Amino acid sequence: MKQSQLFAKTRKEAPSDEVAKNAQLLIRAGFIHKEMAGVYSYLPLGLRVFNNIANIIREEMNTIGGQEVQLTALQEKALWEKTDRWDDEKVDNWFKTKLKNDTELGLGFTHEEPLTNIMRDHVRSHKDLPMLAYQIQTKFRNELRSKSGLMRGREFSMKDLYSFARTEEEHEALYAKARGAYVRIFERVGLSDITKIAFASGGVFSKYSEEFQTISDAGEDVIYVDEKKNIAVNQEVYTDDVLKDLGLDKGELVEYKSIETGNIFSLGTKFSEPLNLTFKDESEKDVPVIMGSYGIGVGRLMGALVEVLSDEKGIVWPEEVAPFAIHLIQIGNDDKVHAHATEMYETLTARGVEVLFDERDIRPGAKFADSDLFGIPMRAVISEKTMAEGKIETTNRKTGKTTMINEAEFLKAQHV
Ligand code: ATP
Ligand code: MG
């Protein structure tokens, strides 16, 4: 894509009411637009990153046999009353609305109830299970505070996976698969080094849930980590009893602030019993289905990447999620330089390499400032000087390392 045609303009300042670093940088870089606190629109560069993250998650969900669905945001009161999750006293972050005839509706903040209800139409015998279904869908939560940019949206996109099993053992196997997929997702987005799996509160059917907690001062959570045993505990369940229960020595624990980027949960029959999702076992007996749910906030993950990887010049994207692979920059507006840089752009693009081509007639300093802000992993500069040597100047955004390299060699290394 040619930068002169880019939808969004970069800006020097973020809106004065924006306090989160991730949103400040993403707004300045023109990746997102702030509609109001906790509500952000994705612009073309931001959407490219969002889609890259969503596709990594989608691939890993498909790999474990997850089937993609897309449920509705509008939710019926009667369904949520069956599980006692309609009342604002029970769930404090509902957005509710009304039909013209005054019928109350809710905007889904999660989807255990509707998916369990749908499954009732499709699960009859033990042969219909196990099943894994997921979606990447917009959730609405009337969060009390929303000051963490993309990391705490009032409208945000979540990948939510749900597992349906016949027995506790079968559930454990699905849970392990989902957990493994999460581990791979965090590896692929480049956060595995600083993401800990922490014990957190479980609910009625299991002692603990597990959270994927990414260590960052921008986080709203606190975890305690035993680095040697590689075990972490969320502050919300941190008691002497729990420490004893897990063989943890306090003296060994290190406290960190962290971002809850993912959460995996054994639900038992919490939803299948009240909603009557059963299957007939081999002796024709009706048995409630055992469920699990597994969430990742796509925007929260994107915000977390900005929080932990950016530097004083701007964003630094890992290769797998970057909006483009190469930021090709033409320096000077000489016809020969322009023709040569354009040819390079066209050659790379024809090979399927994703290139943002800055062919604008503006000061080099402004181009480099935008480039640092955007965070594309590799910058490649073509100028009169590089052309005279038959070379191209590449800079690694993360390390800042600059190399003059033969054009032919450079091209040889660029493939998809
Ligand atoms: P938190 O404790 O941070 O409020 P939660 O425990 O309510 O989150 P879940 O209901 O488990 O979150 O949602 C699954 C995942 O969705 C979370 O792990 C997080 O990645 C993401 N998520 C939750 N709330 C938000 C939000 N307001 N904005 C963006 N992502 C969110
Ligand atoms: Mg939580």
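We count ligands from 1, going down the list as the structure has it; atoms in each ligand are counted the same way. These figures come from a predicted structure and were not determined experimentally.
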State the atoms of ligand 1, each with its element, that fall below the 4.0 Å cut-off from a heavy-atom position in Gly297. 15 (C), 16 (O), 19 (C), 20 (O), 21 (C)

Could you tell me whether Glu319 atom CD has more than 12 heavy atoms of other residues or ligands within 6.0 Å of it?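 For Glu319, atom CD is not crowded (no more than 12 foreign heavy atoms under 6.0 Å).
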
Compute the minimum heavy-atom distance from Gly262 to ligand 1 and say whether it is under 4.0 Å. yes

Could you work out, for atom 12 (O) of ligand 1, the closest of Glu211, Arg300, Arg141 by heavy-atom distance?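 Among Glu211, Arg300, Arg141, the closest heavy atom to atom 12 (O) of ligand 1 comes from Arg141.
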
Distance-only polar pair, side chains of Thr138 and Ser157, donor-acceptor under 3.5 Å: no

Heavy-atom distance to atom 1 (P) of ligand 1: which of Arg152, Glu143, Lys139 wins?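 Looking at heavy atoms only, the winner is Arg152.
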
Subset of ligand 1 atoms that lie under 4.0 Å from at least one heavy atom of Gly153: 26 (C), 27 (N), 28 (N), 29 (C)

Distance under 6.0 Å and angle within 45° of ring axis: Arg154 vs Phe140: no

Going by the atom numbers of ligand 1, which of them fall below 4.0 Å from some non-hydrogen atom of Thr261?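 Close to Thr261: 18 (O), 20 (O).
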
Give a yes/no verdict on a cation-pi contact between Lys398 and Trp317, requiring under 6.0 Å between NZ or CZ and the six-membered ring centre and an angle within 45° of the axis. no

Distance under 4.0 Å to a non-hydrogen atom of Asn263: what atoms of ligand 1 satisfy this? 6 (O), 11 (O), 18 (O)

Crowding at CD, Glu35 (>12 non-hydrogen neighbours, <6.0 Å):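 Yes, CD of Glu35 has more than 12 neighbouring heavy atoms, counting only those of other groups under 6.0 Å.
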
Can you tell if the side chain of Lys250 reaches within under 4.5 Å of the side chain of Asp240, non-hydrogen atoms only?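 The answer is yes; the side chains approach within 4.5 Å.
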
Show which atoms of ligand 1 fall inside a sub-4.0 Å distance from at least one heavy-atom site of Met158. 13 (O), 14 (C), 16 (O)

